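For reference, the structure is listed below as structure tokens.
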Number of protein chains: 2
Amino acid sequence: MATYSITQVSKKYHLPVSTLRYYEDVGLLCDVDRNGKNRIYDQENLDRLDAIVCFKETGMSIAELQNFFRFQDNDDDLDDMVALLAKHCKRVDDQLALLEKNRKHIQRKFKYYSDIRQAKQNHQPMPKWEDYVLTDS
Amino acid sequence: MATYSITQVSKKYHLPVSTLRYYEDVGLLCDVDRNGKNRIYDQENLDRLDAIVCFKETGMSIAELQNFFRFQDNDDDLDDMVALLAKHCKRVDDQLALLEKNRKHIQRKFKYYSDIRQAKQNHQPMPKWEDYVLTDS
DNA sequence: ATATCACCTCAAGTACACTTGAGGTAAAGT
DNA sequence: ACTTTACCTCAAGTGTACTTGAGGTGATAT
């Protein structure tokens, strides 16, 4: 099975080498094999890294990730695991709703200022903020 | 027109009083009126706070917000303003796409572990990870 | 009268997630 | 032989965004 050096993983995941070592320090990436002192990453490590990246991108903290993997590695904690995942699902849904709401406001502002610039260039009357209704695209 | 004390604004926006003062310190909320030493927030201040909250929730840093308001308060910087907003629009779109992708992965994990728990309780065969295809809901 | 409340300032402290730097090893290229 | 490259450890430092604490003021309740 394919293995990777730390530099290769760093490039594959667009994460600094220092971050990979840091994740190991705090116990997120464990069981990384060694060739002497040098780290060797296998597919299992990368799968774990995938999870770390996904969870981090959705706003999970290091501490919660530590919990998650503790639960994952321990059959007894299945309830805690499901609870944690349910909570995180909800959080992601909330994030999505919020992001979509905010997106509209930002687009509104963007269109407004674009049109101001346009109007200035063409010496036309200035647009009015009130005319910029919140739309879906 | 309606005005608000700092505590009222704090409650209305679910932001600590200290944060409101901090935003003022770093120049995001300026022109806040005073009754003696006490801050009095008017609608204009709240509009600005709305923008701050919206931008912050979409991942804009304090430094970028400072730029944004500098551009807003300065007619010359219209190009910079439009550029900043365009950039931020794109960032929000990227966030949305990423969030939707990650959402699927997290839901997949959630379903998988929920079903494991279910199966354990009912002494049924364990589900297989491969069977949990990525879906849209 | 006094005490409690709601506010104030300003400097220092905190939490989180890394990043940097000093000093070192071990193998490969010239 | 030597130097460049690719790693390593471990402690200390950094950036961001606040938060806390000490010490104080001025109006309202008892």
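Fair warning: this is a prediction, and the values are worked out from it, not measured in the lab. Just so it is clear: chains get the letters A, B, ... in the order the sequence lines come, proteins before strands, and each one is counted from 1.
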Taking only residues two or more places apart in sequence, or in another chain, which ones meet B:His88 in a ring pair (Phe, Tyr, Trp, His ring centres under 6.0 Å)? B:Phe55
Sub-4.0 Å heavy-atom contacts from residues 25-32 of chain A onto DNA chain C, ordered by number: none
Can you sort out which residues in residues 37-52 of chain A have a heavy atom within less than 4.0 Å of DNA chain C? Ascending by number, please. none
Under a 4.0 Å N-O cut-off, is there an ion pair linking [X] with [Y]?
X: A:Glu24; Y: A:Arg34; value: yes
X: B:Asp33; Y: B:Arg39; value: no
X: B:Lys90; Y: B:Asp94; value: yes

Working for ring-ring contact (aromatic ring centres under 6.0 Å, His included), residues B:Tyr112 and B:Tyr132: CA-CA 7 Å; B:Tyr112 175 60; B:Tyr132 290 75; 5.4 Å; yes
side-chain contact (heavy atoms from CB on, under 4.5 Å) against B:Met126, all qualifying residues, sequence neighbours excluded: B:Ile116, B:Ala119, B:Lys120
Determine yes or no for a side-chain-to-main-chain donor-acceptor pair under 3.5 angstrom, with A:Ser10 supplying the side chain and A:Leu15 the backbone.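 Yes, the answer is positive, given that a donor and an acceptor are paired below the 3.5 Å cut-off.
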A:Asn35 side chain to A:Asn38 backbone, donor-acceptor under 3.5 Å: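 Checked: no pair found.
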Pairs touching residues 55-78 of chain B that satisfy salt bridge (Lys or Arg N to Asp or Glu O under 4.0 Å), sequence neighbours left out: B:Arg48-B:Asp73, B:Glu64-B:Lys87, B:Glu64-B:Arg91
Quick one, give me the B/S/- string for nucleotides 13-20 of chain C, reading 5' to 3', where B means a protein heavy atom under 4.0 Å from the base and S means that only happens at the primed atoms, P, OP1 or OP2. ----BBBB
